[in-house]
Amino acid sequence: MSRKFTSIETKHYEERQALFDALPRLGRRDFLKVSAAALAAAAASGVRFHPTSFQPVTVANAATGEPFTFAYVSDSHLYRKDLNERFVRGILRAVDDVNHLDPKPDFILYGGDLAQLGKAEELNLGAQILKAVHQPVRMMVGEHDWFLDMGAKWRELFGEPTYSFDHKGVHFVVLMSVNEKDFWTPRGLTPEQRMGTVAGLDNGIQSRFEVGAEQREWLKNDLDKIPASTPVIVFSHSPLYKYYKNWNFWTEDADEVQAILKKFDHVTVIHGHTHQMLTNRIGNIDFHGLLSTAWPWPYAPEGLPKLTVQMARPDPFDPNDGCGDGSMQVSAAGLVDKIYNLWNRNPIEVTSGYLASNGSKDKPAMPNMQSF
Amino acid sequence: MSERREVIATGRHVGRVVVATMLLGAVVGAVLGWPAGASSAEPAASPAPKSADGGAVSGEEAKAVAEKRRTESEGAAANIGVQKLAKGPHGAMPVAEQIALLDKLQLPTDATIPPGIDPVVWQSLVPKDNEINAARIALGKKLYFDTRLSKDGTLACATCHDVSRSFTDRRPVSEGIADQLGQRNSPTTMNALFFQTQFLDGRVPSLEEQAKLPILNPIEMGQPSAEATLLNIAPDPEYQKMFQAAYGRPVNYEDLARAIASFERTLVFLDAPFDDFVAGDTSAISAKAAQGWILFNGKARCMTCHMLNPSNPLGTDDRFHNIGVSARKQNFEELAAKALKALHAKEGKEGLEAVDRLAIETNLSELGRFLVTKNRSDIGSFKTFQLRNIGITGPYMHDGSMQTLVDVIDHYNRGGEANPFLDGGIEPLALTDTEIENLVEFLQTLTDKRFAAEQRTETARQRAVAAKQRPFRENDLAFRKVLPFESRVMASGAAPGAGFQAGKEGKQ
């Protein structure tokens with residue numbers, strides 16, 4: 001403290017320099033904190049600066065929202081109760097988890113595949129369990145809920161599977177991404193055979209999942225009114241990209257859907273179906289997978305996105321291992337940090353900063369065992 | 001002699017298979033912070049004085065809880081018969097008689113690797129700064145049986161880990177100074193050297209660290225500090241001589257703990273009829289017990305956590321599981337919130353001592369491993385007990401709430417006690433009464449041959465108890481006629497949540 005006096009101008013430039021020095025070291029979320037702090041500091045010191053001198057602040061201004069959290073429960077695959085009760089215990093545990101989050105999440109996303117074979121009793125049981133969730137539940141449909149009666153029971157319980165809503169400055173879109181081309185009529189399959197086919201892996205009979213032309217048109221119209229600076233979060237059951245075809249970890253018209261989302265500054269896609277820690281980034285879109293409450297899938301033999309923080313292969317002696325639930329922290333700018341709440345391991349957070357830096361910064365704490 | 005030779009041979013065979021697993025264990029141990037020698041030369045560190053305002057651990061509250069426990073366990077008459085023979089304080093056999101008894105068990109008193117243990121495995125079990133030798137074992141033995149380590153001179157390690165009572169106290173929970181009862185069952189010190197962590201919540205990584213805590217716990221041995229403990233023994237010329245001989249240093253608390261650990265490393269009891277059976281002597285155990293062994297590895301699912309094979313001779317996976325025992329008594333969510341508050345910002349040594357007090361003195365004990373990790377998934381989970389000598393180390397579970405092995409199997413048979421954190425591997429087993437008998441008979445073959453007579457007594461006693469009471473038998477649950485989740489999910493009084501939201505208007 002050799003200098004007793006610093007001019008306002010000097011202070012201003014020092015603050016600005018400190019800000020810019022700090023920028024390269026920050027993820028976008030922290031960056032917004034810093035720039036807001038710098039702005040406040042400058043304002044408090046009575047500086048009148050040119051409105052464009054703090055360029056990054058305009059980014060912060062783009063988001064009109066406030067930070068919030070939402071949680072998820074996904075892929076519970078409930079069977080008839082006398083066939084399997086362990087999966088019931090799984091979803092019950094997840095409901096307890098999200099009910100005891102502190103701070104409370106604004107809402108809960110149910111990520112699809114509530115039922116295993118689309119039966120009314122499976123869906124009823126699931127609906128009964130989800131009634132105990134304290135916060136509102138946003139429902140998404142999965143293929144296991146759908147292909148027995150083509151969604152009749154699910155719609156009766158929960159409403160239409162395709163919808164959008166706005167929450168604290170973020171535009172949310174929920175898609176029905178698991179449509180299939182009609183493979184059953186030509187083969188004369190019963191509804192049970194149709195459902196059984198879709199529920200299987202590695203078969204050449206069913207088609208790939210798709211959002212479909214009709215829904216893409218709806219999406220285009222829905223987003224038409226939304227300015228490009230608005231953060232958009234999309235829920236889809238299957239990943240909205242092409243990961244592994246044989247297991248339908250895949251959406252056939254993913255490229256077309258991504259093209260519709262291209263105009264936005266930032267889009268986050270949250271998807272179920274894959275039952276594993278899964279992270280991807282394509283252009284302006286961040287992708288986060290959800291954990292299942294029923295069982296973990298192994299990673300597919302090829303196509304794994306490179307940003308994915310792999311969970312080590314689950315312990316077969318512990319049926320809870322690799323399963324779980326989790327939450328998403330949405331910043332004021334609409335950026336998403338994903339927290340995987342693995343029931344048998346330490347929680348892992350995958351931040352937007354990690355994705356934005358293409359994996360070079362904000363590396364999540366790696367699991368102590370590598371996958372193999 | 002031939003018998004012993006056979007055991008050694010088995011041990012050698014065991015050893016080769018063991019190495020990889022146990023080396024892994026050693027690595028894990030290193031990560032967890034086994035003493036690596038860096039601080040070996042330091043004299044006893046002085047512990048921070050205990051704060052009386054430890055949130056949930058206030059003296060008044062702890063006392064009240066202990067008093068309640070005492071009434072409960074006396075009411076249940078759960079402390080078992082053997083104690084009637086004992087004459088010393090807290091029901092233990094007087095230490096002089098215990099030492100005589102111990103000498104009859106012919107444990108190694110020098111640096112010999114105990115029979116049945118592979119040398120490489122042995123290396124991984126002994127910290128570098130505490131290589132085993134005769135002087136250290138002798139010092140540790142003296143300390144283990146010395147009641148001067150407790151505040152009022154009534155307790156030694158051997159009080160709750162009593163040679164005449166299978167190196168435990170055969171009580172539901174242990175009794176400390178001024179007859180105060182803690183919250184936890186005293187695990188046997190037999191074979192404790194093989195565990196990767198110590199205490200039922202694994203709060204310390206080694207025998208050395210374990211030995212330090214009960215001495216300082218206010219309701220166990222009750223010493224206010226390490227210094228106060230040393231004041232009792234440091235003036236004794238024999239101790240001065242023995243500490244010098246063992247560690248080349250004056251009397252200090254770290255070496256005290258090291259010596260006790262060295263002595264405990266001689267408590268190897270792995271020579272059971274079962275070992276002869278797996279070595280090929282099919283007549284070593286009864287046909288019923290052999291059936292039990294098949295059930296153990298199959299229908300009864302025991303081996304999922306109680307891995308019992310050449311690599312895991314104790315029958316424990318060294319991990320922590322919620323099997324629902326504490327769910328019978330507690331509201332986990334409320335307890336967990338209380339524990340987080342009580343442990344807030346307590347780190348390192350202070351944190352460990354706080355956990356120790358919560359675990360021994362308060363009902364937060366029921367949170368188990370959660371107190372150590374603060375991980376939601378660890379709520380209500382406790383370390384898998386070893387199965388060696390299980391037939392003579394009842395009562396069972398972390399709180400001693402089960403009096404017989406039949407109770408234990410009844411508990412597993414009904415699928416544990418339903419709670420949100422129940423281990424995923426626990427499910428109803430549909431075991432018949434005959435199958436339960438076979439399993440119990442099998443478990444009794446894991447008792448070391450040196451305790452064959454005690455096993456016979458205890459078998460008869462448990463059989464009589466089980467004939468009178470089976471408090472955990474629930475056949476409707478065991479055979480899935482009743483599913484625990486149904487009462488919760490389908491109950492009409494269940495509080496409704498906020499409901500569902502989807503596209504009610506359909507596609508726009």
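Residue numbering restarts at 1 for every chain, and letters A, B, ... go by the order of the sequence lines.
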*Asks:* What part of A/Arg138 gets within 4.5 angstrom of chain B, counting heavy atoms only: side chain, backbone, both, or neither?
*Replies:*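 Both parts, backbone and side chain.
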*Asks:* Are a donor atom and an acceptor atom from the side chains of A/Asp318 and A/Trp343 found within less than 3.5 Å of each other?
*Replies:* no
*Asks:* Side chain, backbone, both or neither: which part of A/Val88 has an atom under 4.5 Å from a heavy atom of chain B?
*Replies:*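 When you check distances to chain B, only side chain atoms of A/Val88 fall under 4.5 Å.
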*Asks:* Could you tell me which portion of A/Pro316 (side chain, backbone, both or neither) has an atom closer than 4.5 angstrom to a non-hydrogen atom of chain B?
*Replies:*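 Neither part, no heavy atoms under 4.5 Å.
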*Asks:* Hey, does the side chain of A/Asp113 reach the backbone of A/His77 with a donor-acceptor pair shorter than 3.5 angstrom?
*Replies:*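 No; judged by distance alone, with no hydrogens or angles, the pair does not exist.
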*Asks:* When you measure from the side chain of A/Asp315 to the backbone N and O of A/Asp321, does any donor-acceptor pair fall under 3.5 Å?
*Replies:* no
*Asks:* Hey, what do you get for OG (A/Ser238) to CG (A/Asn179), rounding to the nearest 0.5 Å?
*Replies:*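 Answer for the OG-CG pair, A/Ser238 versus A/Asn179, is 9.5 Å.
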*Asks:* Any salt bridge (Lys or Arg N to Asp or Glu O under 4.0 Å) involving residues 120-130 of chain A? Give me the pairs, sequence neighbours left out, ordered by first then second residue.
*Replies:*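 Non-adjacent pairs meeting salt bridge (Lys or Arg N to Asp or Glu O under 4.0 Å): zero.
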*Asks:* Parallel, tilted or perpendicular, judged at 30° and 60°: which one describes the rings of A/Trp295 and A/His275?
*Replies:*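 Aromatic pair A/Trp295/A/His275 classed tilted.
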*Asks:* For the candidates A/Pro136, A/Gly90, A/Pro347, which exhibits the highest count of non-hydrogen atom pairs separated by less than 4.5 Å from chain B?
*Replies:*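 Looking at each of A/Pro136, A/Gly90, A/Pro347 in turn, A/Pro136 comes out on top.
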*Asks:* For chain A, which residues from residues 418-428 of chain B have at least one heavy atom closer than 4.5 Å to it?
*Replies:* B/Pro420, B/Phe421, B/Leu422, B/Asp423, B/Gly424, B/Gly425, B/Ile426, B/Glu427, B/Pro428
*Asks:* Considering only heavy atoms, give the residues of residues 100-108 of chain A separated from chain B by less than 4.5 Å, sorted numerically, with 'none' for an empty result.
*Replies:*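 Residues in range: A/His100.
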*Asks:* Using distance alone, with no hydrogens and no angle criterion, decide if B/Glu417 and B/His411 have a side-chain donor and acceptor under 3.5 Å apart.
*Replies:*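 No, because no side-chain N or O of B/Glu417 sits under 3.5 Å from a partner of the opposite role on B/His411.
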*Asks:* Side chains of B/His398 and B/Asp201 only: does a donor on one sit below 3.5 Å from an acceptor on the other?
*Replies:* no
*Asks:* Looking at B/His321, B/Arg319, B/Met303, which has the largest count of heavy-atom pairs under 4.5 Å with chain A?
*Replies:* B/Arg319
*Asks:* For chain A, which residues of residues 372-384 of chain B have at least one non-hydrogen atom nearer than 4.5 Å to it?
*Replies:* B/Asn375, B/Arg376, B/Ser377
*Asks:* Pair A/Val137, A/Met139 - check side-chain contact (heavy atoms from CB on, under 4.5 Å), show working.
*Replies:* CA-CA 6 Å; A/Val137 182; A/Met139 292 301 296; 3.6 Å; yes
*Asks:* Counting heavy-atom pairs closer than 4.5 Å to chain B, which one of A/Arg89, A/Met140, A/Arg155, A/Arg86 comes out on top?
*Replies:* A/Arg89
*Asks:* Is the closest side-chain donor-acceptor distance between B/Asn309 and B/Asn312 under 3.5 Å?
*Replies:*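 Result is yes, a qualifying pair exists.
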*Asks:* Does A/Tyr79 use its side chain to pair, donor to acceptor, with the backbone of A/Phe87 at less than 3.5 Å?
*Replies:*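 Not confirmed, A/Tyr79 side chain does not pair with A/Phe87 backbone.
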*Asks:* Counting distance only, does the side-chain N/O of A/His237 pair as donor-acceptor with the main-chain N or O of A/Gly111 below 3.5 Å?
*Replies:*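 Yes, because the side chain of A/His237 sits within donor-acceptor range (under 3.5 Å) of the backbone of A/Gly111.
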*Asks:* Could you check, using the six-membered ring where one of them is a Trp, whether A/Phe209 and A/His273 have ring centers closer than 6.0 angstrom?
*Replies:*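 Between A/Phe209 and A/His273, the centre distance is under 6.0 Å.
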*Asks:* So what's closer than 4.5 Å to chain B heavy atoms on A/Ala94: side chain, backbone, both or neither?
*Replies:* neither
*Asks:* Answer with yes or no whether the side chains of B/Lys481 and B/Asn475 bring together a donor and an acceptor at under 3.5 Å.
*Replies:* no
*Asks:* For the residue pair A/Phe172 and A/Phe70, does the interplanar ring angle fall in the parallel (under 30°), tilted (30 to 60°) or perpendicular (over 60°) class?
*Replies:* perpendicular
